There are 2 protein chains.
Amino acid sequence: MSETLTIEYALLGFLRQQPMHGYEIHQQLTDSHGLGLVWHIKQSQLYALLSKLEQQGYISVILEPQDSRPTRKVFHLTELGQILFLEWVQSPVPQGHKLRLDFLAKLYFAHREASPLTQYLLTQQQQACQQWLITEQARAHALAPQQQFEQLVHQFRLGQLQAMLTWLAHCQEALLP
Amino acid sequence: MSETLTIEYALLGFLRQQPMHGYEIHQQLTDSHGLGLVWHIKQSQLYALLSKLEQQGYISVILEPQDSRPTRKVFHLTELGQILFLEWVQSPVPQGHKLRLDFLAKLYFAHREASPLTQYLLTQQQQACQQWLITEQARAHALAPQQQFEQLVHQFRLGQLQAMLTWLAHCQEALLP
DNA sequence: TATTGAATACTCAAGGGGTGAGTATAAATC
DNA sequence: GATTTATACTCACCCCTTGAGTATTCAATA
C-alpha cells in the first residue's frame, strides 16, 4: 500500500474500533462530524476501497442477512490490518502537500483512543518539521538573489512550516492528559 | 478540463513562451531549476498529457525530423489553449490542499511574463484567503468546547491561512515592478 | 579499439482508481 | 395511492499512471 493513501488507513482506523458495514461507514463520513470535515469520499469509492482492502487481507468480511433489508457486508479488521494501521499511525508525516490531511488523520485516531500515542505523535512530528525547516532554510540561503521565484517558494514553505510548528505546540498543550 | 489539474495548465504555460518537444519539456522540469522544485512528473506521464492536450485542441504538433536522432514532435499552443491558460492563470485558487501547488504555478507564470497580472493575482488571492479566513473563524466559534478535534482542525487551517496571507504580502513587496 | 553506459526521443500495454448510474426493497411522506 | 427518501451494495466505463520497451547515437572506459 502506498504511504500516501490516507483514506485507506483511516478506514482501518474506523474498523479498529468496531466492525462496520460499508453504508454505516459512509454515514459517519458524510455526517457533519469531525470526520466529514477532513475526508471527502463518494459512496462508490468507499465500497471499492473496502473491496480492495479485503483482497489485500487487511480486513475480512462477514455477511449479515436481514429480514427486510439488503444483506450487509460487515467488515472486520484483521491482525494484518491491525499491524499496518499501528505502523502508520505512529510514523511522522514526511513533508509535502498531503501533510495536512495525513497528519490530521493520524491525530484524529490517536486522540480518539486517548492513548499516550498522541503526545508521542506530536513530538515526532515536531522533530520532523524542525528538521525539514532547517534544510529548507539552508536551501533558501544557498539561492542566488536573482532566483526570485525559487526564493518565494522556499519562503512559502518556511511560513507554512512555522505555522505548523506553532500549531503542534498548541496541540500538545490542548491535548495534555 | 478539471480545474484542479495544475500540471496541464503549467504545460500550456511552458508552450506559451515557445514551442517545445516533449523531451525538452521533461529536461526543464527535471532540472534543478525552480520548475522541478514544484512539479514532479514522470516522462511517460508527460507524453500522455501532451497527447491528451493535443486531442483536446489546446496544443498542436509539428513533426521535425532530424538526421541522426529520432523525430521530434514539437508542440505549439493553439489559440484555444491560449485562452484556457489565460483564464486559469488569472483566477484565484479556491481553498484546499492543492492551494499551494496551484497558486505557486500561477505565480510562476505571471512572474515570468513580468506582467501586471502578478499584482492582480496576489491581490485576488489575498481577498479570497481573507474571505475564507472569516468563514473559518465563524465556524470555529460555532463549535462546542468538547469538539476538541474539530477545533484543532480549524485552528490548523487558520494558522496556515495566516501564514499564507503573510507570505502574499511579502510577495507583493518583493515583486513590485 | 571494443564495449559499456548514458543521452536522445517517444510509444505502449497493463493495471488501478474514481465516477455515474443502476438495482432492489421498505419506510416515510404527501 | 403515489412519490420520495433511506437502506445497502454493484458494476462497467473511462481516465490516469507507470514500468518497460524501442532504436539510434555519442562519450567514456578498459
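No experiment lies behind these values; they were computed from the predicted model shown. The chains referred to below are lettered A, B, ... by the order of the sequence lines, with proteins before strands, and numbering in each begins at 1.
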Starting at the 5' end of nucleotides 9-18 of chain C, put B wherever the base has a protein heavy atom under 4.0 Å, S where only the sugar-phosphate does, and a dash everywhere else. BBBB----SS
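Scanning for ring-ring contact (aromatic ring centres under 6.0 Å, His included) contacts around B:Tyr47 gives an empty result, with sequence neighbours left out. Remark: A:Gln130 pairs with no residue by the side chain to side chain donor-acceptor pair (under 3.5 Å) rule, at least two apart or across chains.
Not a single donor-acceptor pair under 3.5 Å links the side chain of A:Trp167 to the backbone N or O of B:Arg157.
The cluster map of Ile, Leu, Val, Met, Phe, Trp and Tyr, joined by side-chain heavy atoms under 4.5 Å apart, puts A:Leu50 and A:Leu80 in the same cluster. The hydrophobic cluster containing B:Leu49 also contains B:Ile25, counting ILVMFWY residues as joined when their side-chain heavy atoms lie under 4.5 angstrom apart, directly or transitively.
Separating the CG atom of B:Leu50 from the P atom of D:dT17 is a distance of 13 Å, rounded to the nearest angstrom. The distance between atom CG of A:Leu46 and atom C1' of D:dT10, rounded to the nearest whole Å, is 13 Å.
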